[in-house]
Number of protein chains: 2
Amino acid sequence: MANIKDIAKAAGVSVSTVSRVLNQHPYVSKEKKEAVLEAMRQFHYQRNMNAVHLSKGKTFLIGVIIPFTNHPYFGLLIEGIANEAVKNNYKLVIFQTNYEEERELEALEMLQTKQIDALIICSRSVDWSILNDYIQYGPIVLCEDAREHPVSSTFINHYQCFLDALNYLYEHGHRKIGYSLYRKTGTNSTQRERAYRDFLQQHGLPFQESYIFYNCLGFEDGVKVVERLTTLEDPPTALLVTNDILAAGIMTYCREKGITIPHDLAIISFDNQPIAKIMHLTTLEIPLVEMGKNLFLQAIMSKPSAHKEIQVKLIERETV
Amino acid sequence: MANIKDIAKAAGVSVSTVSRVLNQHPYVSKEKKEAVLEAMRQFHYQRNMNAVHLSKGKTFLIGVIIPFTNHPYFGLLIEGIANEAVKNNYKLVIFQTNYEEERELEALEMLQTKQIDALIICSRSVDWSILNDYIQYGPIVLCEDAREHPVSSTFINHYQCFLDALNYLYEHGHRKIGYSLYRKTGTNSTQRERAYRDFLQQHGLPFQESYIFYNCLGFEDGVKVVERLTTLEDPPTALLVTNDILAAGIMTYCREKGITIPHDLAIISFDNQPIAKIMHLTTLEIPLVEMGKNLFLQAIMSKPSAHKEIQVKLIERETV
DNA sequence: CTGTTAGCGCTTTCAC
DNA sequence: GTGAAAGCGCTAACAG
């Protein structure tokens, strides 16, 4: 495999000239440039990126930690990140973790050993105490409110969002409101839970354990939710569902069970993905692509600890 | 950030000695080794992997191309690959392609520029004519029958499998048999299609376009299948379903539609994942973890063009 | 515009 | 056991 020296020799120039055409520097004469290009062609020359990385001290690789790659929520987030990465000539290394800490640590180690320049954590499960050890090795940016930590973050005020949604439901006459969540733990889940408790207390409403649905993520989990709903003797009249896909699953299964929406059950969800429109879902629009873009930009900025709160918009349709 | 020189100086040894303890070479005196270790601790030393990669000429990174990371089929395959990777001290770089050629090309380019040592393609969409250009840069191993190409492969004889399954159904009295597939194209799909045609011809059965279901992959796609099934005036009495998850979706939806299995509709699927047992699915067991292991081993072997056919086993349960 | 040269950080002979 | 030194392939002053 030919290297830069071989090309230089073959083209009758110095390595720096080759390097210049490699990096599209200006000020290379047309003839020499042509000669170099020709030599490259002949030798099937390919840059050894490891050498480039070592020399430059950076890899132009950004790690992205996500629990699942296939869920539309993360899909859109990645899309936002990836779009911006392409623009800035970066590549992405995706770490799908399934929320296993081991996987997250692998990513952190790659940051430590300079195999990636920065790390975007879309959903964290590793503890802050561990994460803190790694911020010295490169930018780590989070997709949760991390204003109290020395990293950057792009986030949504899930507390306020949940509260707004709950109040919206309250205004529409609902007093028995439940919600779904994927994880019990995690910053976002905690914020939402707190909002729920505060809302209840504020309106003097009782807390009903059975109104909360965990481990709900995909369309198929709708079955699970509705199934339990039907066993409740005093079921909620409204549900806050944390993503459109799940909401669609719930709606679909409700239809089969003869539960009318919004008459028997009101639903308000999050994201405003395409499916939300089709299902006429009232939903809180989260600009995921924009969030992704911002996450990426924070990752390549050297500025430490930038924080950006993303605004959410209520889209009123027909499920409340 | 301290480098190997700093450590050498601090420990009062040469860089080679540091390198030796770094790589756990034998023949380093206890005292020096301790001194080096201590210096590393003090400086929070971290190896720069790019330098290692450059020096060694390899990265210990294997690329894995899959269309979706979240589908259990690919999940298990990756598990098999990852298990073996850990044992051999390799890391994986996952490229989720959604079957976009652009993504596959990115992976191939990383092979070309030595950012990964080898590439495992679990499901290919890029054309062979393109792929061939890249085999010079490093091992490429396929998860499809590639015996006619100068790469390694671990594969299933999908033609035979499909034929066996069809004949099994035939023996159970079925004459109207349909099947599901995700992609219309792709080596595996083509093989299966051919088996179906041959089966039909062999038994003098008519070809029914409407018995074939494309774009079926996940649980939720079951709805789609059943929906169409119900519109058919002469529906198939049996279905060959290409994975357990989809089969489970079909079964679930059938139940709601009052279609009894196997009385009204027999189902035989593939994979034998946990869900298959719960649903009492008759299925063809594919040892995905074993396949993954073999794929990985082929990727790190220098032997060119090894090919291994994996055997499939019929698990008889209650859906036929 | 172009070439020389000193790194980037680590590995690996080779000699002692 | 240990160290000196020559790479690995490329970049980026610096000098001309």
Side-chain angles (χ1 to χ4, degrees), chain A residues 1-37 39-40 43-61 89 109-117 137-138, chain B residues 1-37 39-40 43-61 89 109-117 137-138:
Chain A
M1 194 117 298
N3 63 23
I4 199 172
K5 256 187 205 156
D6 301 327
I7 303 299
K9 200 182 299 171
V13 299
S14 73
V15 288
S16 19
T17 301
V18 178
S19 177
R20 284 191 188 99
V21 349
L22 234 30
N23 297 287
Q24 358 230 13
H25 273 270
Y27 310 137
V28 181
S29 73
K30 245 199 155 65
E31 302 81 53
K32 301 229 172 190
K33 186 172 181 175
E34 241 335 302
V36 170
L37 257 19
M40 287 184 179
F43 285 67
H44 293 290
Y45 173 73
Q46 270 315 132
R47 246 229 268 313
N48 180 332
M49 288 314 271
N50 291 127
V52 178
H53 295 164
L54 173 60
S55 190
K56 291 214 183 190
K58 54 188 295 194
T59 62
F60 285 93
L61 249 34
N89 234 301
E109 259 167 41
M110 283 184 69
L111 180 66
Q112 189 179 245
T113 55
K114 295 179 170 300
Q115 296 186 77
I116 51 179
D117 292 346
Y137 299 118
Chain B
M1 194 117 298
N3 64 23
I4 198 172
K5 254 187 207 157
D6 301 326
I7 303 299
K9 199 183 299 172
V13 301
S14 73
V15 288
S16 12
T17 300
V18 178
S19 177
R20 286 195 185 96
V21 349
L22 234 31
N23 296 288
Q24 359 231 12
H25 273 269
Y27 310 136
V28 181
S29 73
K30 247 200 157 61
E31 303 80 53
K32 303 231 171 190
K33 185 171 182 175
E34 242 333 304
V36 169
L37 256 21
M40 287 185 179
F43 286 68
H44 294 289
Y45 173 73
Q46 271 313 135
R47 242 227 268 311
N48 180 332
M49 289 312 271
N50 290 127
V52 178
H53 295 163
L54 173 59
S55 190
K56 292 213 180 186
K58 56 188 294 193
T59 61
F60 285 94
L61 250 34
N89 235 303
E109 258 167 41
M110 282 183 70
L111 179 67
Q112 189 178 244
T113 54
K114 296 180 169 300
Q115 296 184 79
I116 53 178
D117 291 346
Y137 300 118

To the nearest angstrom, how far is B/Asn50 atom CG from D/dT11 atom P?
-> 13 Å

For the residue pair B/Asn23 and B/Arg47, what are the closest heavy atoms and their distance?
-> OD1-NH2, 3.9 Å

side-chain contact (heavy atoms from CB on, under 4.5 Å) against A/Gln112, all qualifying residues, sequence neighbours excluded = A/Glu109, A/Tyr134, A/Tyr137, B/Gln46

Could you tell me whether the side chain of A/Asn3 and the main chain of A/Asp6 form a donor-acceptor pair under 3.5 Å?
-> yes

Would you mind reading off the distance between A/Asp6 atom CG and D/dG9 atom P, rounded to a whole angstrom?
-> 9 Å

Quick one: B/Glu31 CD to D/dG1 P, roughly how many Å, whole number?
-> 10 Å

So, the side chain of B/Asp117 versus the backbone of B/Thr59: is there a donor-acceptor pair under 3.5 Å, distance only?
-> yes

So what is the end-to-end bend of the helix from C/dC1-D/dG16 to C/dC16-D/dG1, with 5 pairs used at each end and the value given to 10 degrees?
-> 40°

Nearest-0.5 Å distance, CD1 of residue B/Ile4 to OG of residue B/Ser14 = 9.0 Å

Side-chain heavy atoms of B/Leu22 within contact of B/Met40, under 4.5 Å = yes

Rounded to the Å, how far apart are A/Lys9 NZ and C/dG3 C1'?
-> 16 Å

Can you give me the N/O atom pairs linking the protein to nucleotides 10-12 of chain C at distances under 3.5 Å, or say none if there are none?
residue : atom : partner : partner atom : Å
C/dC10  : OP1  : B/Tyr45 : OH           : 2.3
C/dC10  : OP1  : B/Asn48 : N            : 3.3
C/dC10  : OP2  : B/Ile4  : N            : 2.4
C/dC10  : O2   : B/Ser55 : OG           : 3.3
C/dT11  : OP1  : B/Asn23 : OD1          : 3.3
C/dT11  : OP1  : B/Asn23 : ND2          : 3.2
C/dT11  : OP2  : B/Ser19 : OG           : 3.0
C/dT11  : OP2  : B/Asn23 : ND2          : 3.4
C/dT11  : O4'  : B/Ser55 : OG           : 2.7

Round to a whole Å and report the spacing from CE of A/Met40 to C1' of D/dG9.
-> 13 Å

Establish, with yes or no, whether the OP1 or OP2 oxygen of C/dT2 is under 4.0 angstrom from a side-chain nitrogen or oxygen of A/Ser14.
-> no

Residues in side-chain hydrogen bond (donor to acceptor under 3.5 Å, both in side chains) with A/Lys32, at least two apart?
-> none

Atom-to-atom span, NZ of A/Lys30 to C1' of C/dT2 - whole angstrom | 18 Å

Give a yes/no on whether any side-chain N or O of B/Lys32 is located under 4.0 angstrom from OP1 or OP2 of D/dG3.
-> yes

Taking CD from B/Gln115 and C1' from D/dG9, how many angstroms apart are they, rounded to a whole number?
-> 14 Å

Residues which pass ring-ring contact (aromatic ring centres under 6.0 Å, His included) with B/Phe60, listed by chain and number, not counting sequence neighbours | B/Tyr90

B/Ala11 meets the side-chain contact (heavy atoms from CB on, under 4.5 Å) criterion, sequence neighbours left out, with B/Val13, B/Ala35, B/Val36, B/Ala39

Rounded to the nearest Å, what distance is computed from the CG atom of residue A/Asp117 to the C1' atom of nucleotide C/dC8?
-> 15 Å

